[in-house]
Amino acid sequence: MTDYISQLNPRQQEAVLHGDGPLLVFAGAGSGKTRVLTYRVARLIQEGVDPYNIIAITFTNKAAKEMRERIAHITPLGDQVWVSTFHAACTRILRRDIHLLGYQSGFSIYDAQDSERLLKLCIKEENLDDKQYPPGGISHTISAQKNLLVTPEEYEQSVGADYRLGNVANIYTRYQRKLFENNALDFDDIIMLTVKLLAENDDVRERYQRRFRYVLVDEYQDTNQAQYRLVELLAGKYKNLCVVGDDDQCIYGWRGANIENILRFEADYPGARTIKLEQNYRSTQTILDAANLIISGNEQRAEKALWTENAAGVPLRIYNARDERDEGQFVAQSITYAYDRGATYNDFAVLYRGNAQSRAVEEQLIMAGIPYRLFGGVRFYERMEVKDILAYLKAINNPTDDMALRRIINVPRRGIGDTTINRVANYAYDHQINFAAALDAEIPGITKNTRAKLAEFAIYMKEWHQLASTNPVAELLTQILTDTQYLESLNDGTPEAQTRIENVHELLAKAKEFEATAQDASLTNFLTEVGLVADIDNYDESAGAVSLMTLHSAKGLEFNRVFIVGFEEYTFPSARSVLSETPREIEEERRLCYVGFTRARQRLYLSHAYSRMKNGQRMQCLPSRFLKEVPPHYTEPVNAHGRPKGFVPSRANDFIANAASTSHPMAGNRSFSSRSTSAPPQASTGRTARPSFLQDMHTPIASTSNTPQKTPTNTPFQIGDKVRDPKLGRGMVMAVAANGADIELTIDFPNIGQRKRLAGLFGIMKIE
DNA sequence: AGAAGATAGCTTTTT
DNA sequence: GCTATCTTCT
């Protein structure tokens, strides 16, 4: 720890050594931001500040975890610093004092899915048509209001006599009341209510202000109004506030992030020192120049220019694909080409604007036998079976959580149908009691038989509730699984059944791990922890696979080689932003582009297709406007293998030149059977059955252990797969056989009423 | 009550 | 193309 200061550049040193008072650090991409933050915390402790008096706030658990570990690594007392996400920090504050707002400490946390379900209920109860009041849109509106700290009452006032908005206000009011009645908070409430708590209770505010003499905030450009206010409240007494961010990387405006917060910092905190970190340690000069040129197209930004001492590197590689399939092949072939010459799969990331784009790339990676991990899509804690089990825990932990209870009352099937549930709900509503209480009531219209089922369920609930007060989470879970036969109910013969069962076991393992590591292993804390995780939190650098994710998810990560696919108008920038024609939205897309470019250390591949399927329709596409913003001398067109057109091997600066002399241990070792020993059985059945929770490795092997020996192992196809042949159309694989070196598939084509045996498999692609 | 089949509607990004 | 919801059937 002694000599760490000398490892920093002058600007970084200045930020680390800054004493008391507000400090703004503009940290460009790859400029050593995390380093500065962690060293600054270490320095404070070294100077005699009690770690107890420091809080560092991030947006993701991953960032928090990384910072916590790095601080603990450089200074012995580091692990006492409070490092957490906005949401985790606020939840902790609320668990302690939320009774002052009328809620109870064991409140449930509703994710986007939960809150939308509740919202639908509210729209229904207001007797409004969910076509005219689409839950998604209303949810966005309510979220926006909460981010601006606008209460239902204030919103109602602000909309005046507007009929439609008046109804929206009514929905908001009802929604908020229901959350309260359920003793539940949505994500926005977590911040909003913490602000309310601190603003309205002098003693609570005073306590936290005194405690947090030093406040550090990461990614300040992504704070929304509520978070801004929260930071203001926390740091209000000592003003020892250090915020780090990059206005050029503000990409969450649609979610309420206010880029003004960082641009206004000096005005908000008079006497603030501003430091700009502009030296980039990550990318080549070429990549950086291109990124700088892109971002300079934006009006609303603080002036700065990244520079680097790194070499110029190679030009950006541009591929014009025919369609998304060709584009996927380009990605796969380029990766294979580089892999065969010593690159590793972790070197690569494929970034795209929207999750829907992953499919085309996935198909080609599977065909080429390239292992990959997919981020985004359905996440572990959003999976049906995991949410079911968590709903049991929520309902047990928080008996007023009607939403959780309603979710599980007939899962697994207990013969309690929608009619009954609605009768109970209506009864509860009419008598102003919660759903759980209504289970024991004499409700008109419910038959004796059904009432017995309700009563039986109610008894179980009481038993579990009892169990929860004395036993650890994992034991409670086990008991629930036994009592309900939930696992058995999952075993329905569908291809996903096995994965679902595994996911439940995974959750059980999570619970055990939680018990082993948590300081206070209460059920409430377990639910808090699992309620606030994001997909990217599970990113693991060393997984030996290509990473596929959205540009948003990629923020904060870096890769040696980055593909940005779908670099087209109406895809990137998104159709929405183009059609809106508001500079604000296009500027955010441009920032997203800047984020994407600066993820790459060595190489950046950009591809666009001439045509692409969108919403089931084939669309013509034009190259992204951002592509035109990069001058031609920074770029070079490449072929479908990622090689420069007219490539000559002796060319200086090219990869093959040095790869030829040093043989990589992995080079040439690409046979499928030797690489993977235990492919998960669902590996090639498609994304819905794939757990993204752990390393989501993809291997093309149908099955290594339980298939006859003659079945070829190096094929992505297995019996039952739905496939498409370019000439014959859709079909289903009926048999897989080896025919010499070739693979032979027997495929049923229902549309032509024929069964064909095909060898060579040219153009046959798996579909879902 | 529950399953299978048909149709409408929608897709940016996520703590 | 996919999914969530509605409809129809058992």
Side-chain angles (χ1 to χ4, degrees), chain A residues 57-64 84-91 109-113 115-117 120 130-131 134-137 139-140 143 146-147 185-191 219 222-224 226-227 250-257 324 351-360 375-379 381-382 384 410 412-421 447 449-450 453 492 531-537 549-555 566 570-580 585 588-589 591-592 595-596 612-618 686-688 722 724 730 767-768:
Chain A
I57 309 175
T58 64
F59 272 87
T60 66
N61 293 302
K62 180 178 183 289
S84 88
T85 65
F86 271 100
H87 292 269
C90 287
T91 302
I109 295 170
Y110 283 5
D111 67 13
Q113 250 181 66
S115 58
E116 199 160 312
R117 282 164 81 115
K120 273 182 194 159
D130 61 3
K131 302 279 185 300
S139 167
H140 183 84
S143 175
K146 289 186 174 185
N147 290 162
L185 273 59
D186 65 19
F187 283 139
D188 302 317
D189 280 343
I190 292 174
I191 312 293
E219 309 273 21
D222 282 331
T223 51
N224 62 34
Q227 287 157 335
C250 175
I251 55 174
Y252 286 106
W254 52 274
R255 222 170 74 184
E324 69 272 26
L351 309 182
Y352 35 79
R353 184 63 239 269
N355 277 314
Q357 289 169 259
S358 72
R359 201 167 250 106
F375 296 89
V378 183
R379 289 166 295 179
Y381 287 109
E382 282 171 8
M384 182 261 283
N410 198 33
R413 308 244 179 264
R414 297 187 176 87
I416 302 171
D418 290 344
T419 324
T420 305
I421 292 173
T447 64
N449 204 351
T450 311
K453 288 171 183 163
D492 58 358
L532 296 174
V533 292
D535 207 33
I536 203 70
D537 293 337
M549 64 183 81
T550 63
L551 286 145
H552 282 87
S553 303
K555 195 174 74 157
Y570 296 92
T571 297
F572 188 25
S574 72
R576 178 184 262 268
S577 66
V578 173
L579 294 172
S580 79
E585 293 208 27
E588 181 146 318
E589 296 288 313
R591 289 194 292 271
L592 192 57
V595 168
R612 179 179 299 279
M613 283 295 261
K614 279 186 173 175
N615 304 339
Q617 266 201 312
R618 187 148 289 284
R687 63 152 48 187
T688 49
K722 291 176 184 162
R724 178 166 47 216
R730 286 158 169 269
I767 55 177
E768 296 203 31

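Just so it is clear, the model here is predicted, and its values are computed rather than measured. Just so it is clear: chains get the letters A, B, ... in the order the sequence lines come, proteins before strands, and each one is counted from 1.
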*side chain to side chain donor-acceptor pair (under 3.5 Å) involving A/E116 - partner list, sequence neighbours excluded*: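 For A/E116, no residue satisfies side chain to side chain donor-acceptor pair (under 3.5 Å) once neighbours in sequence are set aside.
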*What pairs with A/T419 under side chain to side chain donor-acceptor pair (under 3.5 Å), at least two apart in sequence or on another chain?*
none
*Taking for each residue the nucleotide of DNA chain B bearing the nearest heavy atom, is the 5' side occupied by A/R414 or by A/H140?*
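Checking each residue's closest nucleotide, the 5'-ward one belongs to A/R414.
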*Toward the 5' end of DNA chain B, which comes first, A/L592 or A/T58, by nearest nucleotide?*
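Checking each residue's closest nucleotide, the 5'-ward one belongs to A/L592.
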_Presence of A/T419 side-chain N/O under 4.0 Å of B/dA1 phosphate oxygens OP1/OP2_ = yes
*Answer yes or no: does a side-chain N or O of A/R359 lie under 4.0 Å from OP1 or OP2 of C/dC2?*
yes
Find the distance [X]:[atom1] to [N]:[atom2] and express it as a whole number of Å.
X      : N      : atom1 : atom2 : result
A/Q357 : B/dT13 : CD    : P     : 9 Å
A/E382 : B/dT13 : CD    : C1'   : 13 Å
A/D222 : B/dT15 : CG    : C1'   : 11 Å
A/F187 : B/dT14 : CZ    : C1'   : 8 Å

_Applying salt bridge (Lys or Arg N to Asp or Glu O under 4.0 Å), can you list everything that pairs with A/R414, at least two apart in sequence or on another chain?_
none
*Would you please name every residue forming a salt bridge (Lys or Arg N to Asp or Glu O under 4.0 Å) with A/E219, sequence neighbours left out?*
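Partners of A/E219 under the salt bridge (Lys or Arg N to Asp or Glu O under 4.0 Å) test: A/K33, A/K555.
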*With sequence neighbours excluded, what pairs up with A/Y110 under the ring-ring contact (aromatic ring centres under 6.0 Å, His included) test?*
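ring-ring contact (aromatic ring centres under 6.0 Å, His included) list for A/Y110, sorted by chain: empty.
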*Determine whether A/T571 and A/Q357 make a side-chain contact, defined as any pair of heavy atoms from C-beta on separated by less than 4.5 Å.*
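Touching, per the 4.5 Å side-chain cut-off.
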*Determine, answering yes or no, if A/Y252 is stacked on B/dT13 under the 5.5 Å centre rule and the 30° plane rule.*
no
*With heavy atoms under 4.0 Å as the rule, sort A/N410 into base, sugar-phosphate or nothing.*
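The answer is sugar-phosphate, as A/N410 gets under 4.0 Å only of primed atoms, P, OP1 or OP2.
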Review item, nucleotides 3-9 of chain B N/O atoms under 3.5 Å of protein N/O:
residue: B/dA3; atom: OP2; partner: A/R413; partner atom: NE; Å: 3.3
residue: B/dA3; atom: OP2; partner: A/R413; partner atom: NH2; Å: 3.3

